[in-house]
Amino acid sequence: MRIGELARRTGISERALRYYEEQGLLRPARRPSGYRDYDEGAVDTVRDIRTLLAAGLPTALIAELLPCMVNGTAGLAPGCPELVPYLEKERDRISAAIDDLARTRSLLNAIIAATPPENPNPPVCDREPAVELATR
DNA sequence: CTTCTAACA
DNA sequence: TGTTAGGA
């Protein structure tokens, strides 16, 4: 399929798809016309790329990881276990990030729970709202 | 009409 | 990343 179809099927802009190729994340074949030619697997690969990027993994690591997670099997393909240490490091970083967010959520929950609705005597705050608050 | 590369009021 | 120019 050409880039337009892949973009539609993944919801990722053509611009981003070309950028991923530039970063070594995708290696589409080329047609005589020069148009990129993606195989069906590209759809899933793009999903993995988005997931990994969203989690904060560096593109360089993702580029090495993708070819190591071939078929739908579990574990890295043979000849790839050297990546495990890096993956463990990313996993630990993500765990720490999750913990930080959980603390933030707890703090907000405490504030929300301790704030009575329709506060008749609001705390002092003379500043104007920075943004229009939705009234719904 | 679709895609390509290169570049940025 | 978006967008656009200038081509194929």
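Chain letters run A, B, ... following the sequence lines, proteins first, then strands; residues in each count from 1.
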Every protein N/O lying under 3.5 Å from an N/O of nucleotides 1-4 of chain C:
unit_1 : atom_1 : unit_2  : atom_2 : d
C:dT1  : OP2    : A:Arg50 : NH1    : 3.1
C:dG2  : OP2    : A:Ser13 : OG     : 2.9
C:dG2  : N7     : A:Arg15 : NE     : 3.1
C:dG2  : O6     : A:Arg15 : NH2    : 2.8
C:dT3  : O4     : A:Arg15 : NE     : 3.1

Pairing partner of C:dA8 (Watson-Crick or G-U wobble, both distances under 3.5 Å):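 Partner of C:dA8: B:dT2.
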Using Watson-Crick or G-U wobble geometry with both distances below 3.5 Å, tell me the partner of B:dA9, or none.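 Pairing partner, where one exists within any strand: none, as none qualifies.
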Give a yes or no on this: more than 12 heavy atoms of other residues, nucleotides or ligands lie within 6.0 Å of atom CZ of A:Arg27.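 Open: at most 12 neighbouring heavy atoms sit under 6.0 Å from CZ of A:Arg27.
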Are there more than 12 heavy atoms of other residues, nucleotides or ligands under 6.0 Å from atom CZ of A:Arg105?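 Result for CZ/A:Arg105: open.
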In whole Å, I'd like the distance from the [atom1] atom of [X] to the [atom2] atom of [N].
X	N	atom1	atom2	value
A:Arg31	B:dT3	CZ	C1'	10 Å
A:Asp37	B:dC4	CG	P	10 Å
A:Arg8	B:dC1	CZ	P	15 Å
A:Arg18	B:dT5	CZ	P	7 Å
A:Tyr35	B:dC1	OH	P	13 Å

Taking only Lys NZ, Arg NE, NH1 and NH2, and the carboxylate oxygens of Asp or Glu, determine whether A:Arg9 and A:Glu40 approach each other closer than 4.0 Å.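 Answer for the salt bridge query: yes.
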Check whether [X] reaches the backbone of [Y] with its side chain - one donor and one acceptor, N or O, closer than 3.5 Å.
X	Y	value
A:Glu88	A:Tyr86	no
A:Asp37	A:Met1	yes
A:Asp48	A:Thr51	no

OP1, OP2 of B:dT3 versus side-chain N and O of A:Arg36: anything below 4.0 Å?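 Answer is no, no contact under 4.0 Å.
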